[in-house]
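Structure first, commentary second.
Side chains included, hydrogens not; waters and symmetry mates left out as well; all remaining heavy atoms used. Each chain gets a letter, A, B and so on, in the order the sequences are listed, and its residues count up from 1.
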2 protein chains.
Amino acid sequence: MPPAKFDREQVLRSAMNTFVQKGYSKTSMQDLTKSTGLHPGSIYCAFENKRGLLLAALAQYKQDSELKFEGHFSQEVAVLDSLKQYLDAIVLDCADKEGNKACLLTRALTEIADQDVEIKSVISDSLYDWQKAFQNQFEMAIEAKELSSECDISHMSRYLSMGIYGLRTFAQTNTTQAVLQELADQLFNDIKRLTLSH
Amino acid sequence: MPPAKFDREQVLRSAMNTFVQKGYSKTSMQDLTKSTGLHPGSIYCAFENKRGLLLAALAQYKQDSELKFEGHFSQEVAVLDSLKQYLDAIVLDCADKEGNKACLLTRALTEIADQDVEIKSVISDSLYDWQKAFQNQFEMAIEAKELSSECDISHMSRYLSMGIYGLRTFAQTNTTQAVLQELADQLFNDIKRLTLSH
DNA sequence: CTATATCTTGAATAAACATTCAAAATATAC
DNA sequence: GTATATTTTGAATGTTTATTCAAGATATAG
């Protein structure tokens with residue numbers, strides 16, 4: 001009984017890319033067989049169907065994002081410094097990327113939201129976890145006396161999420177890295193101000 | 001030679017709704033014949049094809065948006081007061097609406113961007129005009145000595161656009177009107193601060 | 001080496017889709 | 001009232017789509 005011959009993570013990353021670039025609906029099975037190198041039957045054997053492959057890709061995306069997140073936010077560095085770096089990385093990501101600047105989660109959420117309740121809630125949960133990850137960092141900074149305990153950290157993390165959504169959408173209209181950087185810096189300043197107003 | 005029997009604007013508004021709700025790809029011709037009440041042939045006669053109908057709907061959406069915009073920003077009221085009302089209206093729109101909270105322009109931009117250069121540039125132009133409309137309002141406020149002439153009005157209008165993109169995306173994840181209002185208020189405060197820092 | 005359970009292959013299938021078209025309807029022009 | 005140009009109609013068309021499946025390949029177990 002042979003185990004799957006293909007590298008699951010690699011296949012999921014290829015699928016992820018195709019889904020982000022073309023969108024779920026416009027991604028045909030043919031696109032997926034091309035990008036993953038798998039034959040239709042193999043995909044159906046491993047992931048049940050196109051929807052199952054999307055769900056698996058979403059899970060992989062979440063895992064990859066969390067690793068990236070942890071890479072940026074370490075305990076040794078001040079939260080605000082880590083946040084600045086995190087935002088700068090998003091700016092670079094948007095400026096570098098040729099195709100679609102959206103993240104898989106928001107793109108799929110907007111596209112599928114009202115046609116598939118389960119997928120909607122999977123994505124909403126992931127986005128909420130991401131927002132909570134910011135909040136945790138702020139929380140830890142308060143415990144380390146780095147931020148005032150008066151900070152409304154849930155408001156801050158929501159506003160931060162909103163800002164990043166906006167930044168990525170703004171990046172869709174042809175714009176320069178300099179402009180994106182200005183916007184990211186402004187967002188950073190506004191978050192920073194929320195930590196200082198006590 | 002009979003003119004078209006149907007009401008063009010009404011047809012386009014129906015098509016607009018269907019496109020926003022289901023997305024361009026997932027909107028079938030059958031969906032469109034149902035929502036517009038037109039038979040396939042009539043749609044092809046009047047708009048050439050599905051893509052043509054989208055382009056016409058985008059143009060109608062732009063016109064409708066501009067009317068709404070002018071309804072909010074009148075010369076008699078202070079810009080910041082008008083802006084507050086404008087943002088509050090967006091919050092209400094997101095809270096009321098059952099289905100998709102995105103605006104047609106951003107939704108179609110994210111979906112189609114890299115598969116149709118012409119549509120991408122039509123939408124980008126519309127979004128840029130919208131951003132410029134904010135900038136014009138700020139400009140007029142400077143001329144009326146209502147705002148300092150030191151204000152970086154293009155930066156302000158870009159940041160405002162970004163914030164609204166973010167707000168609408170945030171609204172896609174199930175959230176309450178109260179939370180959206182907090183975010184809109186925060187955005188308003190941050191824009192306001194940009195007018196005062198001189 | 002043989003048996004077996006699993007995976008791979010890719011052509012076949014059936015449904016959904018955008019689009020076409022010829023016939024019928026209809027409003028204006030003269 | 002007749003002619004004419006345009007729109008409306010909806011069934012037919014051909015393509016694209018996700019999905020299936022039976023035959024073949026392959027790695028482990030005994």
Going by an N to O cut-off under 4.0 Å, is there a salt bridge joining [X] and [Y]?
{"X": "A/Asp93", "Y": "A/Lys101", "result": "no"}
{"X": "B/Asp114", "Y": "A/Lys22", "result": "no"}
{"X": "A/Arg193", "Y": "B/Asp190", "result": "no"}
{"X": "A/Asp31", "Y": "A/Lys26", "result": "no"}
{"X": "A/Asp64", "Y": "A/Lys68", "result": "no"}
{"X": "A/Asp88", "Y": "A/Lys84", "result": "yes"}

Please work out which residues in [range] have a non-hydrogen atom less than 4.0 Å from an atom of DNA chain C and list them by number.
{"range": "residues 13-34 of chain B", "answer": "B/Thr27, B/Ser28, B/Met29"}
{"range": "residues 107-120 of chain A", "answer": "none"}
{"range": "residues 35-44 of chain A", "answer": "A/His39, A/Pro40, A/Gly41, A/Ser42"}

**Request:** Report the distance from atom NZ of A/Lys50 to atom P of D/dT17, rounded to the nearest whole Å.
**Result:**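 It is 9 Å, rounded to the nearest whole Å.
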
**Request:** To the nearest Å, give me how far apart CD (B/Glu48) and P (C/dT19) are.
**Result:**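 It works out to 9 Å between those atoms.
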
**Item:** A/Lys97 NZ: over 12 foreign heavy atoms closer than 6.0 Å
**Value:**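 Yes, NZ of A/Lys97 has more than 12 neighbouring heavy atoms, counting only those of other groups under 6.0 Å.
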
**Asked** Would the number of heavy atoms belonging to other residues, nucleotides or ligands and lying under 6.0 Å from CD of B/Glu48 be above 12?
**Response**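 Count not over threshold, so no.
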
**Message:** Within 45 degrees of the ring normal and closer than 6.0 Å to the centroid, is that where the cationic atom of A/Lys50 sits relative to A/Phe19?
**Reply:**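 Ring-cation test returns no.
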
**Message:** To the closest 0.5 Å, what do you measure between OG (A/Ser35) and CG (A/Asn17)?
**Reply:**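 Result: 8.0 Å between the selected atoms.
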
**Prompt:** Out of A/Gln85, A/Met140, A/Gln137, which one pairs with A/Phe73 under the side chain to side chain contact (heavy atoms under 4.5 Å, CB included) rule?
**Reply:**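 Per the side chain to side chain contact (heavy atoms under 4.5 Å, CB included) rule, the option paired with A/Phe73 is A/Gln137, out of A/Gln85, A/Met140, A/Gln137.
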
**Message:** Counting C-beta onward and ignoring hydrogens, is there a side-chain heavy-atom pair between B/Glu118 and B/Arg51 closer than 4.5 Å?
**Reply:**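 The answer is yes, as the side chains (C-beta and beyond) meet within the 4.5 Å cut-off.
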
Nucleotides 12-15 of chain D: which of its N/O atoms have a protein N/O under 3.5 Å away?
none

**Message:** Donor-acceptor pair, distance only, cut-off 3.5 Å: does the side chain of B/Glu111 make one with the backbone of B/Ser25?
**Reply:**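 Indeed, once roles are kept as given, a pair shorter than 3.5 Å links the two residues.
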
**Request:** Using the test ring-ring contact (aromatic ring centres under 6.0 Å, His included), find all partners of A/Tyr165 that sit at least two apart in sequence or belong to another chain.
**Result:**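 Only A/Trp130 meet the ring-ring contact (aromatic ring centres under 6.0 Å, His included) criterion with A/Tyr165.
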
**Asked** To 10°, what angle do the rotation axes through the five end pairs on each side of the helix from C/dC1-D/dG30 to C/dC30-D/dG1 form?
**Response**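 The value is 10°.
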
**Asked** Have A/Asp185 and A/Gln181 got a donor and an acceptor in their side chains that come within less than 3.5 Å?
**Response**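 A/Gln181 and A/Asp185 do have a side-chain donor-acceptor pair below 3.5 Å.
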
